[in-house]
Amino acid sequence: AEALGDARKLVDDAKELRGKKKFRLADETLVKAIALYQKHAAGLTDIAEVVDAYALLSAVQYNTGRDEDGLKSLTTALGLA
């Protein structure tokens, strides 16, 4: 459960970074958060958290002109939703 708390904090940090237009850092932070979610999926009670992380990652990737990666992340988010 602690790892999921860490993942949630990373997503919050990424939202803040994106707001400051620090897209590369936001991307790295979201990748870490998603890895934690995947590693501790058994303890996850709300898949929407993971969907939100992928959707935010998609937005950050589009912000940096990485449209193909953004589409993949968005597709993953929609597939989980």
Side-chain angles (χ1 to χ4, degrees):
E2 190 178 317
L4 292 175
D6 291 345
R8 289 178 190 113
K9 181 169 181 347
L10 286 168
V11 171
D12 286 342
D13 291 349
K15 287 177 184 173
E16 214 171 282
L17 288 165
R18 181 174 181 243
K20 295 175 182 172
K21 304 219 181 308
K22 295 184 179 182
F23 300 124
R24 188 181 56 78
L25 285 171
D27 185 305
E28 290 170 10
T29 303
L30 286 164
V31 168
K32 287 180 194 168
I34 289 168
L36 278 175
Y37 279 129
Q38 289 171 338
K39 190 173 178 186
H40 301 280
L44 196 61
T45 55
D46 188 3
I47 193 70
E49 291 180 42
V50 184
V51 172
D52 288 348
Y54 271 108
L56 186 58
L57 180 60
S58 171
V60 169
Q61 290 165 332
Y62 278 114
N63 286 139
T64 53
R66 291 168 44 218
D67 293 1
E68 197 172 305
D69 291 333
L71 181 60
K72 284 181 190 168
S73 296
L74 184 60
T75 302
T76 301
L78 294 173
L80 291 171

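Closest heavy-atom contact between Ala55 and Ala77: N-CB, 3.9 Å.
You'll find the side chain of Thr64 stays beyond 4.5 Å of the side chain of Arg24, heavy atoms only. Under the 4.5 Å side-chain criterion, counting only non-hydrogen atoms from C-beta, Leu30 is in contact with Val11.
Looking at residues two or more places apart in sequence or on another chain, you find a salt bridge (Lys or Arg N to Asp or Glu O under 4.0 Å) between Lys9 and Asp13. Qualifying side-chain hydrogen bond (donor to acceptor under 3.5 Å, both in side chains) partners for Asn63, counting only residues two or more places apart in sequence or in other chains: Arg18. With sequence neighbours excluded, the residues forming a salt bridge (Lys or Arg N to Asp or Glu O under 4.0 Å) with Lys20 are Glu16, listed by chain and number. By the salt bridge (Lys or Arg N to Asp or Glu O under 4.0 Å) test, Asp69 is found to be paired with Arg66, residues two or more places apart in sequence or in another chain being considered.
Listed by first then second residue, pairs satisfying salt bridge (Lys or Arg N to Asp or Glu O under 4.0 Å) with a partner in residues 71-81 number zero, not counting sequence neighbours.
How far CG of Leu71 is from OG1 of Thr76: 9.5 Å, rounded to the nearest 0.5 Å. Separation of atoms CG (Asp12) and CG (Leu17) is listed at 11.0 Å; rounding is to 0.5 Å. To the nearest 0.5 Å, the span separating CD on Glu28 from CZ on Phe23 amounts to 14.0 Å.
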Taking only distance into account, with no hydrogens and no angle test, what donor-acceptor pairs under 3.5 Å do side-chain atoms of residues 33-46 form with protein atoms, sequence neighbours excluded?
from	atom 1	to	atom 2	distance (Å)
Tyr37	OH	Glu49	OE1	3.0
Gln38	NE2	Tyr54	OH	3.1
Asp46	OD1	Ala48	N	3.1

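Both Val60 and Val51 are assigned to one and the same hydrophobic cluster, defined by single-linkage of ILVMFWY side chains at heavy-atom distances under 4.5 Å. Two different hydrophobic clusters hold Leu78 and Leu56 under the rule that ILVMFWY side chains link at heavy-atom gaps under 4.5 Å. Cluster membership for Leu74 and Ile47, using ILVMFWY side-chain heavy atoms within less than 4.5 angstrom, is not shared.
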